[in-house]
Amino acid sequence: MIAYVRGQVTVVRPTEAVVDVGGIGLALHCTPSTTSALRLGEVAQLAASLVVREESLTLYGFADEDEKTVFELLQTASGVGPRLAQAMLSVHSPDDLRRAVATEDLVALTKVPGIGKKGAQRIVIELKDKLGVPGTGPSLTAVPSGPAPGTADWQGQVHEALLGLGWSVREADRAVEAVAAEVNGDAGHDVSVLLRKALRTLAKT
């Protein structure tokens, strides 16, 4: 069981980071809010959850224990695996998910790719007594300290990340176009922040 990972950040992508731990680069799948706070060359500590499958070992990284706890609780619902749980935390904060489940807000839940109305109803039924109420965990809002290196091809990176989170090619195209229009071609933004803008755009549709 890996509880957390601490080391120098060597790679930052919209939904992935690599942390050097004792000379070994550990790749962690993360939400955009987590990666947006990471900087190349700086030491970071991420809460971690190791998902074991017959054919793979996948490490997920989180800003803090609250995000990790919600990630693991989400997977106790039928039909929710680690990728869908990560997608849910990419679209909604932990407290937003608590609020959606507590108030049976199916519309909010179905904004996540891969969750339909029946799936949202099942999640509400199975998690209502597990997630708790909003405000039980720390805020996970990440405040970027400046543009991250390597953001020139942000459109390709954001597009790829959206596909990995479960959105269709057409939806990813539309979201990237909307964000490009919003930033007016300025590539000096953190890719993770731009990904969050794209997710908000998709959540509105």
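Nothing fancy with the numbering, it's 1 onward along the sequence.
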Are [Y] and [X] co-members of a hydrophobic cluster defined by side-chain heavy atoms under 4.5 Å apart?
| X | Y | answer |
| --- | --- | --- |
| Ile115 | Val107 | no |
| Ile125 | Leu97 | no |
| Val52 | Leu28 | yes |
| Ile24 | Leu50 | yes |

[X] versus [Y]: any side-chain heavy-atom pair under 4.5 Å?
| X | Y | answer |
| --- | --- | --- |
| Leu46 | Tyr4 | no |
| Pro32 | Pro14 | no |
| Val158 | Val179 | no |
| Val9 | Glu42 | no |
| Gln45 | Val5 | no |
| Leu202 | Arg174 | yes |
| Lys197 | Glu182 | yes |

Could you pull out the closest heavy-atom pair between [X] and [Y], with the gap in Å?
| X | Y | result |
| --- | --- | --- |
| Ala198 | Leu162 | CB-CD1, 4.0 Å |
| Ala175 | Thr201 | CA-CG2, 4.5 Å |
| Val124 | Val101 | CG1-O, 3.9 Å |
| Asp173 | His159 | OD1-NE2, 2.6 Å |
| Lys128 | Ala102 | CE-O, 3.4 Å |
| Ala48 | Leu59 | CB-CD1, 4.1 Å |

message = Between Arg53 and Thr58, does the side chain to side chain contact (heavy atoms under 4.5 Å, CB included) criterion hold? Intermediate values first, please.
response = CA-CA 8 Å; Arg53 295 287 186 269; Thr58 307; over 6 Å; no
inquiry  = According to ring pair (Phe, Tyr, Trp, His ring centres under 6.0 Å), does anything in residues 85-132 pair up with another residue at least two apart or in another chain? List the pairs.
reply    = none
inquiry  = Assess whether a salt bridge exists between Arg13 and Glu16, defined as any Lys/Arg side-chain N lying under 4.0 Å from an Asp/Glu carboxylate O.
reply    = yes
task = Give a yes or no on whether a salt bridge exists between Asp66 and Arg98, defined as a side-chain N under 4.0 angstrom from a carboxylate O.
result = yes
query = Side chains of Ser33 and Ser36: is there a donor and an acceptor less than 3.5 Å apart?
reply = no
ask   = If you measure from CG on Leu195 to CH2 on Trp154, what distance do you get to the nearest 0.5 Å?
value = 10.5 Å
ask   = Under 6.0 Å from the CD atom of Glu55, do we count more than 12 heavy atoms belonging to anything else shown?
value = yes
inquiry  = Between Gln8 and Gly41 (side chain of the first, backbone of the second, donor and acceptor by atom type, cut-off under 3.5 Å), is there such a pair?
reply    = yes
ask   = Can you check whether Val18's main-chain N or O pairs, donor with acceptor, with Thr10's side chain at less than 3.5 Å?
value = yes
Exercise answer: donor-acceptor pairs, residues 72-89 side-chain atoms, under 3.5 Å, sequence neighbours excluded:
from, atom 1, to, atom 2, distance (Å)
Glu72, OE2, Ser49, OG, 3.0
Gln75, NE2, Phe71, O, 3.2
Thr76, OG1, Leu73, O, 2.5
Thr76, OG1, Lys130, NZ, 3.3
Ser78, OG, Glu126, OE1, 3.2
Ser78, OG, Glu126, OE2, 2.9
Arg83, NH2, Gly164, O, 2.5
Gln86, NE2, Cys30, O, 2.9

